[in-house]
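In what follows, a single structure is set out as structure tokens and then discussed.
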Amino acid sequence: ILAAASARGARILTPGAGEVLRAGPIALDVLWPPREPTALHAGGDPNVRAIVTEVRDGAFSLLLTADAESDITAPLDLGPVTALKVAHHGSADPGLPALLQRLRPDVAVIEVGAHNPYGHPTAQALAALRTVPHVYRTDEDGTVRLDLTGGRMEVSNVR
């Protein structure tokens, strides 16, 4: 990826908490990792380096957690969101119920491969997600698409 970006003259950016990227009315707030994550890059669990962002467009907000589970997201200053990309393919995360209580998403999407060897999403994650009105799984629902038009969100699945 780096070689392809370099060949096209693209600038490589390392995001850090506090950055805001804008494209018209859309803002992408980088919430994690810290700007100077020196300790985070010294081997160890790569999930602690996962990039956590919040996408905002008017009243719509989407929390993108990558593989950052509650050990990373719990200390973040998070409020209610419209939609959530569930962390780490729906792995077991004891902090997920508390996170969902804070976020109160209307939609949650689990990005997970069918018949994966990890057993994702876990029964624990699915039980916690029962509090969310609309839960989608890419292994069962195919590609999940969120469209925002005039402040109204529509969800569609593409098989």
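Shown are V135, D139, T138; of these, the side chain to side chain contact (heavy atoms under 4.5 Å, CB included) with I110 is made only by V135.
To the nearest 0.5 Å, atoms CD (E19) and CG (L31) are separated by 11.5 Å. One distance of note links OH of Y136 with CG of D141; it measures 7.5 Å at 0.5 Å rounding. Atom-to-atom distance recorded for I51:CD1 and I72:CD1 is 12.5 Å, nearest 0.5 angstrom. The structure places CG of D67 at 7.5 Å from OG of S91, a figure rounded to the nearest 0.5 Å.
Here the closest non-hydrogen pair linking W32 and A17 is N-CB, 4.2 Å. Nearest heavy atom pair, residue M153 against residue L148, reads N-CD1, 3.9 Å. Closest approach of A92 to E69, counting heavy atoms only: O-OE2, 4.0 Å. When all heavy atoms of H89 and H120 are compared, the pair lying nearest together is O-CB, 3.2 Å. Between P97 and Q124 the shortest heavy-atom distance is CD-NE2, 4.2 Å.
A donor-acceptor pair is defined here as one N or O able to donate and one able to accept, closer than 3.5 Å; no such pair exists between the side chain of T149 and the backbone of R152. Between the side chain of T131 and the backbone N or O of A128, at least one donor-acceptor pair lies under 3.5 Å.
Hydrophobic clustering of Ile, Leu, Val, Met, Phe, Trp and Tyr side chains at less than 4.5 Å, counting indirect connections, unites V30 with I26. The hydrophobic clustering, which links ILVMFWY residues whose side-chain heavy atoms are closer than 4.5 Å, places Y118 and V86 apart.
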Go through V155 and V109 one step at a time and tell me if the side chain to side chain contact (heavy atoms under 4.5 Å, CB included) criterion holds. CA-CA 10 Å; V155 181; V109 179; over 6 Å; no

CA sep, side-chain torsions, deciding dist, call: S70, L96, side chain to side chain contact (heavy atoms under 4.5 Å, CB included): CA-CA 6 Å; S70 61; L96 181 58; over 6 Å; no

Working for side chain to side chain contact (heavy atoms under 4.5 Å, CB included), residues R145 and D147: CA-CA 6 Å; R145 181 176 165 157; D147 288 306; 2.9 Å; yes

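The environment of I12 atom CD1 is dense: over 12 non-hydrogen atoms of other residues, nucleotides or ligands sit within 6.0 angstrom.
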Check: residues 55-66 side-chain donor-acceptor pairs under 3.5 Å, at least two apart:
from: R56; atom 1: NE; to: D29; atom 2: OD2; distance (Å): 2.6
from: R56; atom 1: NH2; to: D29; atom 2: OD1; distance (Å): 3.0
from: R56; atom 1: NH2; to: D29; atom 2: OD2; distance (Å): 2.8
from: S61; atom 1: OG; to: T82; atom 2: N; distance (Å): 3.3
from: T65; atom 1: OG1; to: K85; atom 2: O; distance (Å): 2.7
from: T65; atom 1: OG1; to: A87; atom 2: N; distance (Å): 3.2

Determine all donor-acceptor pairs shorter than 3.5 Å in which one atom belongs to a side chain in residues 98-108; sequence neighbours excluded.
from: R102; atom 1: NH1; to: A74; atom 2: O; distance (Å): 2.9
from: R102; atom 1: NH2; to: L76; atom 2: O; distance (Å): 2.5

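In this structure, the side chains of E54 and V81 come closer than 4.5 Å at one or more pairs of heavy atoms.
In terms of the side-chain hydrogen bond (donor to acceptor under 3.5 Å, both in side chains) criterion, E111 has no residue partners (sequence neighbours excluded).
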